[in-house]
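Here is the structure we will look at.
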Amino acid sequence: MTTTRTGGVSEPPFATFNLGDHVGDDPADVAANRARLASAVGLGEHIVWMNQVHGTNIVVVDHAGDTVADTDGLVTTTPRLGLAVVTADCVPVLMGDARAGVVAAVHAGRVGAANGIVPKALAAMTEAGADVADVSVLLGPAVSGPNYEVPEEMAAEVERALPGSRTTTHRGTPGLDLRAGIARQLRSLGVRSIDIDRRCTVEDPTLFSHRRDAPTGRLASLIWLEPGS
């Protein structure tokens, strides 16, 4: 699941349901919003948050507690433990093997995606018992290719690392569609079930977008295992 901007207590420019604790919002408001989210999904205090740094570090967790430092991917086999990724244009990647009981949440921005964070998370899942053929993936709301303009050199560099991600913007300039590149990468690794939430964070006013509104808040995408699923 992925949240929207509405339903929280944060003041502008973070109005209202900001779930990022690193964007300059009042910490008390962020805490209140996270508590509302935990209550709404029925997980209580059992949600794990990351201090995301656009890296490729993956951590396997079995309980909630302090924010996991310097990490952009979480994996768990613990039922009813929510894994959260916060974004405002980057791609939230939620992956699960319900048969094996393994799930992952990944923050895949341009740098992390190009450096291979998604395959690394998939490898961590298989080490925890997942079968790639049974993994289902959701690529959540993110900036779309037509709205993600980058310099020519950057587009070429990312395309070399993540084939299928280069595209053309609405203006006819070089652009990146990270979800397309990640989907192609996942298929090449044997993942057969890939869903894409086509909403563009820049175009959709109900979503936070750093490219459109900086400074702004962050959406949260969550995944967890239900017992017996």
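When reading the values below, keep in mind they use all heavy atoms of this one structure, side chains included, and skip hydrogens, waters and symmetry mates. What you are looking at is a predicted structure, and each value in this text was computed from that prediction instead of being measured.
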### Query
Under the side-chain contact (heavy atoms from CB on, under 4.5 Å) criterion, do Leu122 and Val191 qualify, and how do the steps go?
CA-CA 9 Å; Leu122 188 61; Val191 178; 3.9 Å; yes
Nearest non-hydrogen partners of [X] and [Y], listed with the distance:
{"X": "Val202", "Y": "Ser209", "answer": "CG2-OG, 3.4 Å"}
{"X": "Met50", "Y": "Ala105", "answer": "CE-O, 4.1 Å"}
{"X": "Arg5", "Y": "Pro13", "answer": "NH2-O, 4.1 Å"}
{"X": "Ala121", "Y": "Val106", "answer": "CB-CG2, 3.5 Å"}
{"X": "Arg166", "Y": "Leu176", "answer": "CA-CD2, 4.3 Å"}
{"X": "Leu178", "Y": "Ala108", "answer": "CD1-O, 4.2 Å"}

First locate atom [atom1] of [X], then atom [atom2] of [Y], and finally report the distance between them rounded to the nearest 0.5 Å.
{"X": "Tyr148", "Y": "Cys200", "atom1": "OH", "atom2": "SG", "value": "12.0 Å"}
{"X": "Leu219", "Y": "Cys90", "atom1": "CG", "atom2": "SG", "value": "11.0 Å"}
{"X": "Ser221", "Y": "Ile223", "atom1": "OG", "atom2": "CD1", "value": "10.0 Å"}
{"X": "Leu19", "Y": "Ile47", "atom1": "CG", "atom2": "CD1", "value": "9.0 Å"}
{"X": "Leu222", "Y": "Thr2", "atom1": "CG", "atom2": "OG1", "value": "8.5 Å"}
{"X": "Arg179", "Y": "Ile194", "atom1": "CZ", "atom2": "CD1", "value": "13.5 Å"}

With heavy-atom distances below 4.5 Å as the criterion, would you say the side chains of [X] and [Y] are in contact?
{"X": "Arg80", "Y": "Pro227", "value": "yes"}
{"X": "Glu157", "Y": "Leu162", "value": "no"}
{"X": "Val93", "Y": "Val137", "value": "yes"}
{"X": "Leu189", "Y": "Pro119", "value": "yes"}
{"X": "Val9", "Y": "Asn33", "value": "yes"}

Is there a path of hydrophobic side-chain contacts, each under 4.5 Å between heavy atoms of I, L, V, M, F, W or Y residues, that connects [X] with [Y]?
{"X": "Ile117", "Y": "Val135", "result": "yes"}
{"X": "Phe17", "Y": "Leu207", "result": "no"}
{"X": "Leu81", "Y": "Val59", "result": "yes"}
{"X": "Met125", "Y": "Val132", "result": "yes"}
{"X": "Leu83", "Y": "Leu138", "result": "yes"}

### Task
Please assess Glu152 against Thr173 for the test side-chain contact (heavy atoms from CB on, under 4.5 Å), listing each intermediate value before the final yes or no.
CA-CA 8 Å; Glu152 168 64 31; Thr173 54; over 6 Å; no
Return yes if some donor-acceptor pair links the side-chain N/O of [X] with the main-chain N/O of [Y] below 3.5 Å, else return no.
{"X": "Thr216", "Y": "Ala214", "answer": "no"}
{"X": "Glu159", "Y": "Gly164", "answer": "yes"}
{"X": "Asp134", "Y": "Arg99", "answer": "no"}
{"X": "Asp97", "Y": "Ala100", "answer": "yes"}
{"X": "Arg34", "Y": "Trp49", "answer": "no"}
{"X": "Thr76", "Y": "Val61", "answer": "yes"}
{"X": "Arg199", "Y": "Gly140", "answer": "no"}
{"X": "Asp177", "Y": "Thr167", "answer": "no"}
{"X": "Gln52", "Y": "Val86", "answer": "yes"}
{"X": "Ser188", "Y": "Gln185", "answer": "yes"}

When you check the side-chain N and O atoms of [X] and [Y], is any donor under 3.5 Å from an acceptor?
{"X": "Asn51", "Y": "Thr67", "result": "no"}
{"X": "Thr201", "Y": "Asp89", "result": "yes"}
{"X": "Thr78", "Y": "Asp62", "result": "no"}
{"X": "Asp131", "Y": "Thr126", "result": "no"}
{"X": "Glu149", "Y": "Thr169", "result": "no"}

#### Entry: Worked verdict on Asp29 versus Asn18 for side-chain contact (heavy atoms from CB on, under 4.5 Å)
CA-CA 8 Å; Asp29 289 347; Asn18 168 45; over 6 Å; no
## Note on the structure
The single option from Val23, Thr3, Val85, Thr87 that satisfies side-chain contact (heavy atoms from CB on, under 4.5 Å) with Arg218 is Val23
### Message
Using side-chain contact (heavy atoms from CB on, under 4.5 Å), reason through Trp224 and Leu43 one step at a time and then give a plain yes or no.
### Response
CA-CA 9 Å; Trp224 66 91; Leu43 292 176; 3.7 Å; yes
### Query
Are the aromatic rings of His107 and His54 close, with centres under 6.0 Å apart?
yes
### Passing candidate, side chain to side chain donor-acceptor pair (under 3.5 Å) with Ser10, options Asp25, Asp26, Thr16
Asp25
### Summary
Result for side chain to side chain donor-acceptor pair (under 3.5 Å) between Asn147 and one of Arg171, Arg212, Glu203 points to Glu203
### Query
Got more than 12 heavy atoms from elsewhere within 6.0 Å of CZ, Arg192?
no
